[in-house]
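This report refers to the structure that appears directly beneath it.
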Amino acid sequence: MSVTTNTAVEASPRCLWEAGAVLGEGVLWDAARGLVWFVDIKGRRIHRCDADGGDRRSWEAPGQVSFIVPAEDGAMVCSLEDGLYLFIEDTGAFAPLLSVETDKPGNRFNDGHVDAHGRLWFGSMDDAEQAPTGALYRFDGAQVATMDEGYVITNGPALSPDGRTLYHTDTLDKRVYAFDVLEDGGLARKRGFVELEGAGYPDGMAVDSEGAVWIATFGGWRIERYDPLGRKLGEVRFPCANITKLAFGGEDLRTVYATSARKGLSPAELAAQPLAGSLFTFRADVPGLPQHALRLQE
């Protein structure tokens with residue numbers, strides 16, 4: 001495992017939870033309770049632990065749950081194949097919140113992120129990973145708007161510290177795009193931000209307090225860090241290939257949590273990567289940005 005010299009990273013990643021996730025995703029830091037949440041999309045499970053990996057709990061989901069985010073009222077909101085749901089932690093129940101893409105039964109949802117205005121940005125994808133039927137959506141707590149289309153696999157919505165730039169990934173095309181975020185929440189001036197080079201595909205993202213974009217790579221064994229101009233600053237290497245998502249947490253927002261996946265690995269590759277599907281953590285020199293809560297409207 002090696003870390004380049006300009007990554008804003010102090011230590012190598014260590015395994016926090018050998019979760020064995022088929023497709024670990026959606027990691028987030030619940031600052032109010034000091035908890036880490038993540039999901040296993042293909043394993044259809046929600047996982048939660050404390051900051052040090054203890055107090056572990058898991059719940060079975062009735063479908064492919066791709067992300068989970070906090071709402072302002074203390075509830076948790078997640079996605080299943082047909083839309084958004086309230087997740088009732090005490091009972092493990094899932095209550096329908098909003099139907100989305102019911103006309104696209106071959107699609108599922110993938111990554112999601114809440115901005116400082118309490119709006120949820122999330123994407124859909126072709127579950128067979130072949131057709132460009134995926135789209136980027138914005139949910140303002142009452143209704144959903146389509147913001148961009150034509151993706152096979154969407155990933156990693158994330159926003160700059162000032163909220164004026166949204167980053168979004170076209171995973172199979174190995175491109176990350178940047179958009180201007182308008183005052184009314186609209187998007188403009190779509191442009192290329194980063195085209196991933198080398199092994200792997202860009203997956204989930206997070207932005208730190210300096211505005212640098214951290215991009216997890218599926219099949220790439222690493223997380224890469226880029227400045228706001230798209231210039232690579234460094235990378236963090238992992239002991240398994242499929243790194244899917246990261247989130248900044250801890251009291252100082254310098255503890256990074258990252259999910260990984262066993263999906264697509266052969267028996268020989270799984271034997272060589274026993275920690276695939278685990279939740280990892282490492283420390284960064286630069287803090288991240290706070291996790292915002294979804295604002296649900298009556």
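Quick note: numbers below take in every heavy atom, side chains included, and nothing from hydrogens, waters or symmetry partners.
Listed for the Thr154 side chain is no donor-acceptor partner under 3.5 Å among the backbone atoms of Met125. A distance-only check finds a donor-acceptor pair linking the side chain of Glu81 to the backbone of Gln64 [under 3.5 Å]. For Asp40 (side chain) and Val22 (main-chain N/O), a donor-acceptor pair under 3.5 Å exists by modelled atom type. Put simply, the side chain of Asp227 gets close to the backbone of Arg231: a donor and an acceptor are under 3.5 Å apart. A donor-acceptor contact shorter than 3.5 Å is absent between the side chain of Arg44 and the backbone of Ile41. Side-chain atoms of Lys232 never come within 3.5 Å of backbone atoms of Val194 as a donor-acceptor pair (strictly under, hydrogens ignored).
If you check the side chains of Glu18 and Ser278, you find no donor sitting under 3.5 Å from an acceptor. Using modelled atom types and a 3.5 Å distance limit, the side chains of Asp82 and Ser99 yield no donor-acceptor pair. Side-chain contact of Glu149 with Tyr151: a donor-acceptor pair under 3.5 Å is absent, judged by distance alone.
With ring centers used as reference points, Phe87 lies under 6.0 Å from Trp59. Taking the six-membered ring for Trp, Phe109 and Phe67 have ring centres at least 6.0 Å apart. For Phe193 and Tyr167, the ring centers sit closer than 6.0 Å to each other. Side-chain rings of His47 and Trp17 approach one another, their centers coming within less than 6.0 Å.
Classification of Arg225 and Asp208 as a salt-bridged pair holds, one side-chain N sitting under 4.0 Å from a carboxylate O. Residues Arg283 and Asp252 are paired through a salt bridge, judged by an N-O separation under 4.0 Å between the basic side chain and the carboxylate. Classification of Asp55 and Arg48 as a salt-bridged pair holds, one side-chain N sitting under 4.0 Å from a carboxylate O. The pair Arg175-Glu195 counts as a salt bridge, with a side-chain nitrogen and a carboxylate oxygen less than 4.0 angstrom apart. The pair Asp140-Arg119 does not meet the salt-bridge criterion, since no charged nitrogen lies less than 4.0 angstrom from a carboxylate oxygen. Between Arg189 and Asp180 there is a salt bridge, since a side-chain N of the basic residue sits under 4.0 Å from a carboxylate O of the acidic one. A salt bridge does not link Glu251 to Arg254: none of the charged nitrogens lies less than 4.0 Å from a carboxylate oxygen. Salt bridge Arg262/Glu269: absent, no basic N to carboxylate O contact under 4.0 Å. Classification of Arg237 and Glu224 as a salt-bridged pair fails, no side-chain N sitting under 4.0 Å from a carboxylate O. Using a 4.0 Å cut-off between charged side-chain N and carboxylate O, Glu60 and Arg45 make a salt bridge.
Thr171 pairs with exactly one of Asn110, Asn155, Asp111, Asp203 by the side-chain hydrogen bond (donor to acceptor under 3.5 Å, both in side chains) rule, that one being Asn155.
Residue Tyr85 qualifies as enclosed at atom OH: its count of foreign heavy atoms under 6.0 Å is above 12. More than 12 non-hydrogen atoms from other residues, nucleotides or ligands lie less than 6.0 angstrom from CZ of Arg57.
The side-chain heavy atoms of Met205 and Thr169, taken from C-beta on, include a pair separated by under 4.5 Å. Leu246 has its side chain within reach of Ile223: a pair of non-hydrogen atoms, C-beta onward, lies under 4.5 Å apart. With a 4.5 Å cut-off on side-chain heavy atoms, Phe280 and Leu16 do not count as touching. The shortest side-chain heavy-atom distance between Ile153 and Glu129 falls under the 4.5 Å cut-off. Side-chain contact check for Asn242 versus Ser260: every heavy-atom pair is 4.5 Å or farther apart. With contacts defined as side-chain heavy-atom distances shorter than 4.5 Å, the pair Leu279/Phe38 qualifies. The shortest distance between side-chain heavy atoms of Leu159 and His113 falls below 4.5 Å. By the 4.5 Å heavy-atom criterion applied to side chains, Val27 and Trp37 are not counted as neighbours.
To the nearest 0.5 angstrom, Ile243 atom CD1 is 10.5 Å from Arg222 atom CZ.
The shortest non-hydrogen separation linking Thr133 to Glu101 is O-OE2, 4.2 Å. Counting all heavy atoms, side chain and backbone alike, Trp29 lies closest to Gly250 at CE2-N, 3.3 Å.
At least one test fails for Lys190 against the ring of Phe179: distance under 6.0 Å to the centre or angle within 45° of the axis.
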Practice problem: For salt bridge (Lys or Arg N to Asp or Glu O under 4.0 Å), just list the numbers for Lys42 and Glu25, CA-CA rounded to whole Å, side-chain angles, deciding distance to a tenth of an Å, and then say yes or no. | Solution: CA-CA 10 Å; Lys42 293 300 180 181; Glu25 260 287 6; over 6 Å; no
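Relative orientation of the Trp214 and Phe248 rings is perpendicular, given thresholds of 30° and 60° on the angle between their planes.
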